[in-house]
K.L.:
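Quick one: this structure, given as structure tokens, is what I'll be asking you about.
Please read these numbers as outputs of a predicted model, since none were measured by experiment. Order of appearance sets the numbers: ligands from 1, and atoms from 1 within every ligand.
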Amino acid sequence: MQRIRKAVFPVAGLGTRFLPATKAMPKEMLTVVDRPVIQHVVDEAREAGIEHFIFVTGRNKGVIEDHFDRQFELESTLERRGKKEEMGELEDSLPGAGSTSFTRQQEPLGLGHAVWCARELVGNEPFALLLPDMVMQDEPGCLKQMLDTLESLPEKSNLIAVEECEPELAHRYGIVGIGEEAGNAFKVTDMVEKPAQGTAPSNKFISGRYILQPEIFKILASHETGAGGEIQLTDAMIRLGETQPFYGYHFKGKSFDCGNKIGFLAANVAFALSRPDIAPDFRRALNDLIGDV
Ligand code: G1P
């Protein structure tokens, strides 16, 4: 099985659900506790052993590139002031030199198009795809769980993380049909992007983590549009599934859809409660607000 070295992060979305916060700032830079959403997702990829981080960005997203670079002024000020902990924090979260690449999706034509924009940077090898709207809280992280699962699957397998939603919310997501079990995973029999109410093949939705074979790029090159008039990744995966195996993996842990306000707020509460340095005071503050938590 070929090693998964590269991960793609589509970060071109406009963040209209967070206006006015995202008028001049990318939604991926909103913070969950004290690190931007995108940092949580990149950390998940780093933990899984990813070596190259490919960001598909858009206009007004330059600050994401800055976030993953050194900030000399800040570093020298921290050093002068002897702020060792903060310096260590910055150092730990800095990707290695030359391990990030940035390309732009020039028009918002859909997730499939964003992924296709990364084709030259990924090249001819299987890769991970992480949608930064979804922030996972689990130990080990979702992508690490998936890479472990991948080891027991046949060559040229594609693997997508899934979780369950309320059946009446299935129309918001890509939904998979469930086939026979294969170790930790199951065979995907069907995929539908944003199924009409009552037509979903199950209540397991594609939750924003994928391991894909590079042949997906040839299919995406056709630029066929699907649900919502967008170039849909799910439609390209359906076609790839005609020649390559697709598996689903029900990951262990919690996910937060930080693309909407409730998910984002819940992520902040959950991550704050899991931080030993913050949890006791935060719990007290919550108790004052809403009673026993
Ligand atoms: C995208 C995918 C969808 C997936 C969802 C997870 O949809 O197209 O298959 O279930 O992310 O968040 P979007 O949220 O961009 O509409």
Side-chain angles (χ1 to χ4, degrees), residues 7-18 22 26-28 30 32 37-38 40-41 44 56-58 105 107-118 128-138 142-143 146 158-178 188-197 199-212 216 219-220 223-241 246-251 253-264 266-267:
V8 174
F9 304 87
V11 289
L14 292 175
T16 46
R17 277 180 278 182
F18 279 97
T22 50
K27 63 174 174 169
E28 296 80 9
L30 295 170
V32 172
V37 162
I38 187 67
H40 284 274
V41 182
E44 181 189 327
V56 181
T57 75
Q105 183 188 22
E107 291 168 82
L109 298 178
L111 176 61
H113 180 257
V115 173
W116 180 73
C117 289
L129 168 67
L130 297 93
L131 307 191
D133 274 352
M134 297 302 266
V135 172
M136 312 304 207
Q137 191 183 40
D138 39 29
C142 179
L143 189 63
M146 290 174 76
N158 297 269
L159 182 62
I160 45 192
V162 299
E163 60 187 298
E164 283 176 4
C165 66
E166 297 297 329
E168 58 275 17
L169 297 183
H171 66 280
R172 290 191 187 169
Y173 300 105
I175 302 287
V176 299
I178 303 159
V188 169
T189 56
D190 197 5
M191 289 179 259
V192 198
E193 184 64 25
K194 316 260 166 17
Q197 286 281 9
T199 66
S202 78
N203 67 338
K204 283 204 199 293
F205 73 94
I206 303 171
S207 63
R209 301 291 184 268
Y210 312 70
I211 292 165
L212 295 170
I216 193 84
I219 299 171
L220 287 169
H223 286 192
E224 273 168 37
T225 53
E230 296 190 344
I231 301 169
Q232 294 289 356
L233 177 66
T234 304
D235 295 342
M237 293 197 299
I238 293 168
R239 289 211 21 224
L240 187 57
F246 259 86
Y247 291 92
Y249 169 67
H250 198 141
F251 72 97
K254 275 206 183 91
S255 76
F256 299 94
D257 183 356
C258 289
N260 74 63
K261 291 179 187 110
I262 302 298
F264 173 73

K.L.:
Between Thr234, Ile206, Ile175, which one has a non-hydrogen atom sitting closest to atom 5 (C) of ligand 1?
P.N.:
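The nearest heavy atom belongs to Ile206.
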K.L.:
Counting only nitrogen or oxygen atoms and a 3.5 angstrom limit, does Lys194 reach ligand 1?
P.N.:
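Yes, Lys194 has an N/O under 3.5 Å of an N/O on ligand 1.
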K.L.:
Should Glu163 and His250 be marked as a side-chain contact (heavy atoms from CB on, under 4.5 Å) after you check the CA-CA gap, both sets of side-chain angles, and the distance that decides it?
P.N.:
CA-CA 6 Å; Glu163 60 187 298; His250 198 141; 4.2 Å; yes
K.L.:
I'd like to know if atom 14 (O) of ligand 1 has any protein heavy atom within a distance of less than 4.0 Å.
P.N.:
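No, there is none.
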K.L.:
Could you tell me whether some N/O pair between Gly174 and ligand 1 is separated by less than 3.5 angstrom?
P.N.:
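For ligand 1, there is an N or O atom that lies under 3.5 Å from one belonging to Gly174.
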K.L.:
Between Leu111 and ligand 1, is there a nitrogen or oxygen pair with a distance under 3.5 Å?
P.N.:
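No, since none of the N or O atoms of Leu111 sits under 3.5 Å from an N or O of ligand 1.
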K.L.:
Suppose I only count heavy atoms of Tyr173 and a 4.0 Å limit; which atoms of ligand 1 are within that range?
P.N.:
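Counting from 1, the qualifying ligand atoms are 10 (O).
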K.L.:
Considering only protein heavy atoms, which is closest to atom 1 (C) of ligand 1, and at what distance to one decimal place?
P.N.:
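For atom 1 (C) of ligand 1, the nearest protein heavy atom is Leu131 CD1, 3.9 Å.
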K.L.:
Ignoring hydrogens, tell whether any protein atom lies closer than 4.0 Å to atom 10 (O) of ligand 1; use the non-hydrogen atoms only.
P.N.:
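Protein heavy atom within 4.0 Å of atom 10 (O) of ligand 1: present.
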K.L.:
Which distance, rounded to the nearest 0.5 Å, do you find between the CG of Asn158 and the CG of Leu240?
P.N.:
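Interatomic distance, Asn158 CG to Leu240 CG, rounded to 0.5 Å: 4.5 Å.
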K.L.:
Give yes or no for whether the N/O distance cutoff of 3.5 Å, strictly under, is met between Asp257 and ligand 1.
P.N.:
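No, no N or O pair falls under 3.5 Å.
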K.L.:
Donor-acceptor pair, distance only, cut-off 3.5 Å: does the side chain of Glu224 make one with the backbone of Ala236?
P.N.:
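No; zero donor-acceptor contacts below 3.5 Å.
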K.L.:
Look at atom 2 (C) of ligand 1 and say which protein heavy atom is nearest, naming residue and atom and giving the distance to 0.1 Å.
P.N.:
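Nearest protein contact, heavy atoms only, for atom 2 (C) of ligand 1 is Glu193 OE2, 3.7 Å.
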K.L.:
Consider ligand 1: state whether an atom of it lies below 4.0 angstrom from any non-hydrogen atom of Asp133.
P.N.:
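The answer is no, since Asp133 has no heavy atom less than 4.0 Å from ligand 1.
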K.L.:
Any non-hydrogen atom of Leu233 lying under 4.0 Å from ligand 1?
P.N.:
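The answer is no: ligand 1 sits nowhere under 4.0 Å from a heavy atom of Leu233.
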